[in-house]
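Beneath this line is the structure, given in C-alpha cells, with notes to follow.
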Amino acid sequence: MINKEKKSIISVKNLEKTYNDEGGETHALRGVTFDIASGEFVAIMGPSGSGKSTLLHMLGLLDKFTGGEYYFDQDKVETFSEEEIAHLRNKKMGFIFQAFNLLPKATVLDNVKLPLAYSDVPESEWNNMAVKAIEAVGMSHRIHHFASQLSVGEKQRTSIARALVNEPDIIFADEPTGNLDSRSGGVVMDIIKRLNYKGKTVVLITHETYTAEYAERIIMIKDGKMEFDKPVEHMRQAGEFKK
Amino acid sequence: MQLKHLYKTSFTGLRTNKVRSLLTILGIVIGISSIILIFSLGKGVEGLITGELSGMGADTIVIRPGQQPTGLNDFSETLFSDSLKSRDVEALKKKSNVPHLAKIAPAIIVPGRVSYRGETFKPMIFGWTAELMTEMFGVEIDSGDLFYESDIRSKASVAIIGSKVKEELFGNEENVVGKNIKIKDRNFRVVGVLKPQGQVSSFNVDELVVLPYSTAQIYLMGIDHYHEIILKADSPENVSQTVEDVKDTLREMHDITDPSKDDFFVVTPEGMLEQIGNILDALTLFLSAVVGIALVVGGVGVMNIMLVSVTERTKEIGLRKAIGATNKDIMIQFLFESMMLTITGGVIGIIIGMSLSLITTIAILSFTTYAWSFSFPVGASILGIVVSGLIGVIFGIYPAKKASQKSPIEALRYE
C-alpha cells in the first residue's frame, strides 16, 4: 500500500513483541509487516489491547521489539546505540501523547523548548524556534502560562508544538484526542492534518473512526496481528466507515 | 544538556518542594556550619595562644618543679613539688654552667586577697623581680617606681599594683604610692602603679600585684623553694642550647643521672606552642570525625529524598527520554540536582558557621579581656563547599543511576 514514488521512512518486517512476565509469555505483536512512506498520514487502529500502542512504541523507538526487522529511514534500527536512538528521537521524531505529558510547573514556552535542550541547536535560537511552533498551533496568547493553567485542548496543542519544535520528519500521535471533547479533538486533528500537508509523516494511533478518517491509510491491528492495510479513500468509497 | 538549562531545571525541581529541600539539607547545613565553627574558633584559640606566648618573648625559658605533667593528675605534683631552691638559681647564674643566660628570676605564686581599709580584691599575686616583669610584659609604671635588687635582698614589704587593683582598693584616689595594702595580714607599701595594659601573655596586667620574690617566699608562703624559675637567653637562637645547659646544671645539682627521673621540667614558648598545637590538632580531628558522621547522615537524607524525587518524577523522566534525553543526560540532571541541594546546604552552613563564630567573638571580646580575633577560615570554607559537593555526588549517584536506567515507555506509563 506504500506510495512507491516516495521513499520509505518506516519499514517493518514480521515485527514481534513478547513480554515475559510471571504468568508466562504475552505476545503483544505477532509478526507485523508494512512500510510507511515519507510524507504519509497513516492511522493505526484497533480495539483496546490489540497491540496498536505497543506497535507505536516500537516504531517510536521507545521500546525494544523481540523479533523481526525495523528499518527507520533505510537504516536497520538494531544496529543503533542507545545514544543514536536518543538522537533519532530528538532530531527526527515528534511525540504527541494522549496524556499530554507536559511539565505542569513550566510555562508553555519552557515546555515547548524542552526537546531543544537535548539537541545541538544553539540556545540563542531556542526561543525563536519555540515561538514559531507555538504560533503554528495557535497558542501564542498562552505562551507564558503554566501548563497546569491550560485547558485540555490547549494542553494537547502545547504538546503538538513541543513535538514540532525540532522540525522532525515524523510525528507519532498516540490517541491525541482521547482526553479531549469533540470540539477540541477536531481542532487538534486539523492541526495534525495541516502538519501532514506541510510534508510531515504522521503515524496516528486511534480507536475512533472519526479521527482515523483524517489519515490517508489505515492499518488495522487485532490480537497483535495486522488485519488489513487499506487507503482511507477506498474504505470511504466502500462505505466501510458507515458500519 | 547545556549548563544553563541544567541549572534552571534543577532549580525548578528543588523550588517546587521548598520545605522538603530545606529539611533535606539540614544535616549538611549542621555539618558544614560545625566545620566552619570548629576551624574558625580553632584559629581564634591558636591566635590567642600564639599571641600570649609570643608576649612572653621567644627567648624566655620557664623552669617548673616536678615532672612534666602529662595529665590533670600530674599538675598537682607540679604545684606541690619543692625541687627548685635558691641554690639552683645560684648555680644557673654561673656563666660556666649556662653561658647564654641573660637574666634569671625565681617566681612565687601567692594565693589570696589584698585589702585596704575594708576594701578587698582578689588579684594575681606574684613574688618576682620588677625588672623581669616590666621586660617580659612590656609594662610601664604609671606612678611611683619599681622595687629593686636591694628590696629583694632585704625582703622589703613593698608592692607594685596594677590599675584595676588600684581602682578596686582605692577608688578614685589619685596618689596611692606610699600607702599600705594588706596581704595575708602583712602590710605592703605600694611603691608603684602600673599603666593599664589588659591581657598580656596569660596574665591580666591590670590585676597583678608584684612583690619581691624573697618577701613572698619567706613572709607570705613560708617555703624554701620556688614555684618557677624564669630566665632569658641572650638571644632566641640560643634558647635550645640554654635549655640543655639548664637541664645539665639542675641534674648535676639534684644528683640525677637518668633524665626520665628529672624533678623539674623546662618550658619554652616554642615547645608550648607545639604542644598546644598538637592538642588543638587532635581536638580538631576528633570534632571533624564527629562532623563527618553528621555529614554522612545528612548524605543519606539527601539520597533518600533524591530516590523519592526520582519516583515522583518517573513520568517526567519518560518524557525527557522520549524527546531525546540520553541515559547520561538524565544521570547528569539528577546528579546536578543532588549537588545543587548539598552545595546550597554547604553555603548556608558556611554563612551560619561564620555568624556563630562572629557572635562568639563579640561575646568573648565583650565579656573577657582576651585578645581574641575573628578569622574567616578560607581553607575550611573551600573544604566545606568541596565536601558538600562530594556528598551530593556520592549520595546522588545511586538515585541518578536509577533514574537514568528507566525504560522510557515504562516511565511514561508510570502512575
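All chains are named by letter (A, B, ...) in the order of the sequence lines, taking the proteins before the strands, and each is independently numbered beginning at 1.
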Notebook entry, point to check: Can you check side chain to side chain contact (heavy atoms under 4.5 Å, CB included) on A:T33 and A:L15, steps first, answer last?
Noted result: CA-CA 6 Å; A:T33 303; A:L15 205 65; over 6 Å; no

Margin query: For the interface with chain B, which of A:K64, A:M93, A:H87, A:R162 has the highest count of heavy-atom pairs at distances below 4.5 Å?
Written below: A:R162

Next item on the list: Any salt bridge (charged side-chain N to carboxylate O under 4.0 Å, His left out) involving residues 90-107 of chain A? Give me the pairs, sequence neighbours left out, ordered by first then second residue.
Entry: A:D73-A:K92

Notebook entry, point to check: Salt-bridged, A:K132 to A:E167, with N to O below 4.0 Å?
Noted result: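 Judged by the 4.0 Å cut-off on N to carboxylate O distance, A:K132 and A:E167 do form a salt bridge.
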
Item checked: Side-chain ion pair, B:E410 and B:K406, N-O less than 4.0 Å ->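 Between B:K406 and B:E410 there is no salt bridge, as every charged N stays at least 4.0 Å from the carboxylate O atoms.
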
Notebook entry, point to check: Which atoms of B:L319 come close to chain A, meaning under 4.5 Å heavy atom to heavy atom: side chain ones, backbone ones, both, or neither?
Noted result: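 Answer is side chain: those atoms of B:L319 sit under 4.5 Å from chain A.
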
Margin query: Counting only non-hydrogen atoms closer than 4.5 Å, does B:K321 touch chain A with its backbone (N, CA, C, O), its side chain (CB onward), both, or neither?
Written below: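 For B:K321, backbone and side chain are both near chain A.
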
Notebook entry, point to check: Heavy-atom distance under 4.5 Å to chain B: side chain of A:F172, backbone, both or neither?
Noted result: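 Contact with chain B involves no heavy atom of A:F172 at all.
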
